[in-house]
Engineer: 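Could you have a look at this structure, given as C-alpha cells, before my questions?
Quick caveat: nothing in here was measured; it's all calculated off a predicted structure.
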Amino acid sequence: MKNIVKYSIYFFIGIVLFGACTPEKYELGDIDIAPAQIVEGVSYKIEHDASNPNIIYLTSLVDAKYTPLWEHPQGRSQDKKVTLRIPFPGEYKVKFGVETRGGIVYGEPATFKVDDMYAEFISDETWTLLAGGAGEEKTWYLDLDQNGLSRVFKGPLYFYGTGDWWGNVNQQGKPLNSDSWLWDPTWKENTWLMPAGDYGEMTFNLKGGANVIVNHNMLGRKQNGSFMIDTDKKTIRMVDATPLHGKPQDGIVVDWGDVRIMSLNENTMQLAVLRDPVLSQEGAAMLTYNFISKAYRESLESSD
C-alpha cells in the first residue's frame, strides 16, 4: 500500500512538472481585416503635391498595429508615408496591403495619373548612366559571351548578402542589415552557374517615357516594358521586363522587377535581385548580374 501511495505521488508530481515545462503553443491570430476594406480613401490615400503634381504622396490610414506594405512604380516600401517622384506622364498602379498577426492581406490595385513630364526628375546622373539621358538609349550586355569570355568581371554572376546595396558596395554607406558578404566566382572555374552563350541585349531608353527592351536569347523571349529609378536608394522597378539572366536562376527569384543597382558607371553595371530561399533551397542572397555597355564591349573587341 505504501508503495502504491508513493508511486501515485511521483506520478502526480511528474504530470505537474511536465505541464510546467511544456512550452505554450502560440498560433497566428485571425486575420481581422478583409481585402474589401483595403481601398483607396479608406485604408490609404494617394495625393498629388499641390505645387508639383509629379510628386505623389502615398499615406497609410490603417491602425499603427498593422505594418503597411506598398508596391508602387518605384519599388516596395513598408513606410507609413511614401513620396514618389514620377518624371513621365502616364497611368501608374499602386498596390497596398497590411501585415497582420494572421498574415498579409492586399487590396485591389489603385491607379493615379501623371499628365506632364518633369525633366528635373531625370537630371540625376543615374538616369544618364543607365539609359543615355533624355531622348537617348543605351544597350547593355551580360559580361559573358558564347566563347565563355568575360571581358571585365570575373564572371557574369556574383553573390552578395541581403544587406548589401549601393551604399556599402561603393563605400558610401553601411549595409542595410548584418547579412553582408560577397562571393565573386570566376566563371571558368564555376561554369555550372550558367552556360556560355549569346544572352542577348538589354536596352533602356528615355524616349517619351522610361522604357526597356530585353531580348532574352537564351530564354527564347523578348520583353517590352518600363522602368523607374529611385535615385536615393539606387533601385530600379522594372515592369513587364526583367534583367538579362541565365536559365538556372529563372525560377528562383522573389521578384525579377525589384532590382538593386549595386554599381554603375559609363561602361559597367551590376544589377541584383533577391534569391528566394525556399525555391532555391540555398538561402537568401542577392544574385548580382554583371553587365558591360554596348559601346564599351565594341571598343574592347576592336582592340583585341
Side-chain angles (χ1 to χ4, degrees), residues 69-78 84 92-95 97 104 106 109 126-127 130-131 137-144 153 155-166 169 176 179 183 193-195 197-205 209-231 233-264 268-292:
L69 303 172
W70 300 97
E71 294 182 11
H72 53 72
Q74 293 181 329
R76 298 170 182 264
S77 176
Q78 295 184 2
L84 305 179
Y92 298 89
K93 287 185 179 181
V94 172
K95 190 175 181 181
I104 294 174
Y106 277 101
T126 307
W127 290 90
L130 178 72
E137 68 178 29
K138 191 170 181 178
T139 297
W140 297 88
Y141 294 103
L142 200 61
D143 193 15
L144 178 70
F153 297 92
L157 179 61
Y158 289 176
F159 298 78
Y160 280 91
T162 60
D164 293 307
W165 69 295
W166 174 280
V169 171
L176 301 175
D179 184 34
W183 180 44
L193 288 171
M194 51 196 303
D198 178 4
Y199 280 83
E201 67 280 337
M202 177 171 60
T203 300
F204 294 90
N205 75 63
N211 310 297
V212 58
I213 301 172
V214 188
N215 290 316
H216 291 277
N217 284 353
M218 298 289 282
L219 301 179
R221 58 178 181 254
K222 181 177 180 179
Q223 298 170 328
N224 290 273
S226 61
F227 71 96
M228 194 65 62
I229 302 175
D230 186 323
T231 57
K233 296 180 179 179
K234 289 296 188 292
T235 59
I236 304 174
R237 184 65 193 173
M238 296 178 68
V239 178
D240 297 328
T242 68
L244 287 174
H245 59 275
K247 189 173 182 180
Q249 298 86 38
D250 198 34
I252 59 170
V253 167
V254 173
D255 183 355
W256 278 105
D258 188 13
V259 182
R260 293 183 192 175
I261 305 173
M262 293 301 212
S263 70
L264 175 63
T268 67
M269 174 172 67
Q270 293 177 286
L271 300 182
V273 290
L274 178 61
R275 182 173 67 187
D276 190 305
V278 177
L279 295 176
S280 68
Q281 299 182 343
E282 295 185 78
M286 300 307 299
L287 303 180
T288 303
Y289 293 90
N290 300 324
F291 298 91
I292 58 176

Engineer: Assess the residue pair Asn205 and Asn211 against the criterion (side-chain hydrogen bond (donor to acceptor under 3.5 Å, both in side chains)); give the C-alpha distance rounded to whole Å, side-chain angles, the decisive distance to 0.1 Å, and a yes or no.
Structural biologist: CA-CA 5 Å; Asn205 75 63; Asn211 310 297; 2.9 Å; yes

Engineer: Ion pair present between Arg221 and Asp250, side-chain N to carboxylate O less than 4.0 angstrom?
Structural biologist: yes

Engineer: Give, for atom OH of Tyr92 and atom CE of Met228, the distance between the pair rounded to the nearest 0.5 Å.
Structural biologist: 4.0 Å

Engineer: Are any side-chain N or O atoms of His72 and backbone N or O atoms of Gly75, one a donor and one an acceptor, separated by less than 3.5 Å?
Structural biologist: yes

Engineer: Does a side chain donor of either Gln270 or Thr288 reach within less than 3.5 Å of an acceptor in the other side chain?
Structural biologist: no

Engineer: Can you tell me if Gln249 uses its side chain to pair, donor with acceptor, with the backbone of Leu193 under 3.5 Å?
Structural biologist: yes

Engineer: Please test Arg237 against Asp230 for salt bridge (Lys or Arg N to Asp or Glu O under 4.0 Å), starting from the C-alpha separation and ending with a verdict.
Structural biologist: CA-CA 8 Å; Arg237 184 65 193 173; Asp230 186 323; over 6 Å; no

Engineer: Quick one, Phe159 with Trp183, criterion ring-ring contact (aromatic ring centres under 6.0 Å, His included). Give me CA distance, side-chain angles, the key distance, then yes/no.
Structural biologist: CA-CA 5 Å; Phe159 298 78; Trp183 180 44; 5.2 Å; yes

Engineer: Apply side-chain contact (heavy atoms from CB on, under 4.5 Å) to Lys138 and Thr203, showing your working.
Structural biologist: CA-CA 5 Å; Lys138 191 170 181 178; Thr203 300; over 6 Å; no

Engineer: So, are Asp164 and Arg260 salt-bridged, with charged N and O less than 4.0 Å apart?
Structural biologist: no

Engineer: Going from CG on Leu130 to CD1 on Ile261, what distance comes out if it is rounded to the nearest 0.5 angstrom?
Structural biologist: 6.0 Å

Engineer: Starting at CD of Glu201, measure out to CG of Asn215 and round the result to the nearest 0.5 Å.
Structural biologist: 4.0 Å

Engineer: Check the angle between the aromatic planes of Phe227 and Trp127 and answer parallel, tilted or perpendicular using the 30° and 60° thresholds.
Structural biologist: tilted

